[in-house]
Each structure stands twice: as C-alpha cells, then as structure tokens.
Amino acid sequence: MPAIAYLECSRCGAHVSAEIPQTLCPVCPVAPAGALYVRYDLSSLLGSSPAAVVDTSSGGWKGMWRYRAVLPDVEPVVTLGEGWTPMLASRRYPGVFLKEEGANPTGTFKARGLALAVTMLRHYGIKKAAVPSAGNAAGALAAYAAAAGIEAHIFMPRDVPFSNFVEATAYGAEVTLVDGLISDCARIVAERKDAEGWFDVSTLKEPFRVEGKKTMGYELVEQLGWEYPDAVFYPTGGGVGLIGMWKAFDELEELGWVKKGKRPKMIAVQASGCAPVARAFDHGDDVSVMWQNAHTFASGLRVPKPYGDSIMLEILRQSGGVALALSDEVILASLLDWARHEGIFLSPEGAAATAAYDHLLATGFLKASDRVVLFNTGSGLKYTDLTAEAMKLKRP
Ligand SMILES: Cc1ncc(COP(=O)(O)O)c(C=O)c1O
Ligand SMILES: [Zn+2]
C-alpha cells in the first residue's frame, strides 16, 4: 500500500509535505494559491493486475475502500459505508448507464470526499472542522464528524433543501444559515476560522475531498469492465468530482489498468440560473467570472465562482468534452421522465445530467450507440421540498 509521497500544487507544481495538515499551496508565487493533489509512489503496484490490488475480499462492505491501495495509508478509517454505488443500465437507452450516488450515506456523492477528509482530520488530530456548503457537503461533514468525534461548523444558504438543515442539526453540527450563497458562506468561514481554531474543509482548499471523489473514476471504469465510457456527464458546482475522476484516469493509466489514449469526453452540466463554467467554456476563457443572482432548484449547482474553474476548463477541453447549462424547466421535465419511465427519483442535479444527455443526443454531439455514464449525484428524496415546489405540488 503506498504512503503519500508528497502533495503537488496544481498551479506552480511545488511539492509539499503531507506530514502536517495542508490547505492550499503555501508557496504559490501569485494568488490564488493552487489546490494540492495527493501523489503516491505507485511503483510497487506497477505490473499488478487490478484483481491483485483492488480489495474484493469477502467479509464486510468495502465500498470505496476497495481502492485503499491508491488512497492514503492511514488508520482508523472513518466510514459509514460510502461508495461502490450501483451502475444502472437505462431501460430505454442501450448505451446509457446511471451511476446512482444517491445510495451513499447521507444520500449523495459528497460522502466519498468527506469520508476521506474526516479520516485525515482524525489522522492529523484535528478536532474542529468548518465548511461552507451548498447543502449536501454540510450533511456529509456533519455525519462523518459525528462518527469521528470532531466538531462540525456548517455554513449554508438559508434556502438549502430542508433535509440538509435537518440532517446537519440531527448529527449535532453547529449550523448557521446564511442569507446568501456558498460564496458568502465561504467568506464567513475564511474570516472566522483562525480565531475559532477551525480547519477549513472547503471544496479544493484541502487535498482529500478530491482524493475521496476520485474513487468515482476508479469505480466507473471497473464497473464497465476496466474500460472507459465514451462520455461522463457530471453535474458541476465546485467541480471536485470532475477533477477527482480525471486524476483517477491519470492513475489508472499509470498503473496500466486501462488503455491510454481514449479518455471519455467530460461533460460539465450546470443550470442556466448559475452557469459560470458553461459561460467560460463558451467564451473560450481559462477562468470563470462570478455569476450574479444565482438561482436554480438544483441547489448543489449554485456555486457562482468555483475555486477550481481553471482546472475544470482545462479538463473539459483536453477531453474533447463540453460544458452546458439547462433551464430548471428542462431539468424538471427530465426528472419526471426518469421517475416515470425508469423508476429512479433523481436529484435535480442528476436530472440536469439526464437532460444534458437528451440535448447532446439531439444535437448529434453524441450518438445513441455511445456508451455514457450519467451521474445522479444525490437521491431525489433529499429534495422533496424543492422538487415539490418546482412541480407546484402541495400536500392535498
Ligand atoms: C447533489 C449534488 N450534485 C452536484 C454537486 C456539485 O458538486 P461539485 O461541487 O463536486 O461540482 C453538488 C454540490 O453541492 C451536489 O450536492
Ligand atoms: Zn503552488
């Protein structure tokens, strides 16, 4: 099992020690400082088949920890049973697979990143964590922090899905509802963290949430028989999953577990009420511009200025992918379509991905024979209030 060799700055390439907790690159010559990638010495695994390395041993649920050989070698692991989620074949579209992340603890893919981040907080002996969140990362931090005996301080918009407020409160987190967006929450955490002694687990501002989310990349390739699909549709807010999956593809190729040269087109899906990445992609820009008056019932996509925008834009272009934005009406129509014809209650974010697939099939960007993975990043059950409102549905 490889220990962490070093942390590598995504911007200036500096190598930083993982012996002590790190946030952003401490030596970047110009702001904004780069996010840090976890790098391992994989040489001991080279030449091994995945069957020899991936932990499929019987006895207990391995979840995403089946990939422990390519995750930080620390104990104890804080787990609630995250990962190894179903890859469901669509009943209607032969090439379409839905990665059902709603099966995770706390009902979303955020569990993967926070399981690893909180495991590392335990490893470093950190006792207090804070997070600005669009809602689901807050729920996940609250759960894993409770399991680890760590304080969780959560800042999220007042109008998050009610489930996010209830779960975080039930897990015993200190919850602050903010009149604003995740960017306002981030400002509050940044202002208070030093005085309060909080470790900031904001998106990309510590190295391990990406590392947990990279397991989605390993999983989708394993579940498709160690082959890449033609495209991956990812509902994009802060972009941690997109960045994590691309890192997984780098590692899979280094390990020789998947053939080089045929990576999936990465499709970043946003809502037209908050689409900074799609706009920057369309304009050919390298960074996004803060989106004003962000609004959409796909609340996880309300990230007006993602910290990792430049990394994402580079990945999209390198992969031959695209970023696009769908209206709430189109997202809701796809949500209901999948509920009624596939028996799957998507989150609005997941429904943005299914709607984007329909769109790219209609435009000819993709063919019906293409094998694609659509991420349902969360369970529709976390959004009953927002989805009911979008459906104009009231309790009779
Ligand atoms: C259900 C859901 N999907 C997608 C996203 C966007 O995720 P990311 O920040 O990794 O782009 C979020 C973020 O809150 C979310 O909760
Ligand atoms: Zn740097």
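Quick caveat, the model's predicted, so the values are computed rather than measured. Scope of the values below: all heavy atoms of this structure, side chains included, with no hydrogens, waters or symmetry mates. Read the numbers this way: they start at 1 and go in the same order the structure lists the ligands and their atoms.
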Name the residues with a heavy atom less than 4.0 Å from ligand 1?
Phe109, Lys110, Ala134, Asn136, Lys213, Tyr234, Pro235, Thr236, Gly237, Gly238, Gly239, Val240, Gly241, Gly300, Glu349, Thr377, Tyr383
How wide is the angle at the Zn ion (ligand 2) between SG in Cys25 and SG in Cys28, to the nearest 10°?
110°
Which word best sums up how the rings of Tyr6 and His15 line up, parallel for under 30°, tilted for 30 to 60°, or perpendicular for over 60°?
parallel
Tyr93 and Tyr357 aromatic centres sub-6.0 Å:
yes
Is Glu82 salt-bridged to Lys62, cutoff N-O under 4.0 Å?
no
Are Lys367 and Asp370 ion-paired here, with the side-chain N under 4.0 Å from a carboxylate O?
yes
Please list, chain by chain and in numerical order, all residues satisfying salt bridge (charged side-chain N to carboxylate O under 4.0 Å, His left out) with Lys382, sequence neighbours excluded.
Glu167
Under 30°, 30 to 60°, or over 60°: which ring-plane class applies to Trp257 and Trp226, parallel, tilted or perpendicular?
perpendicular
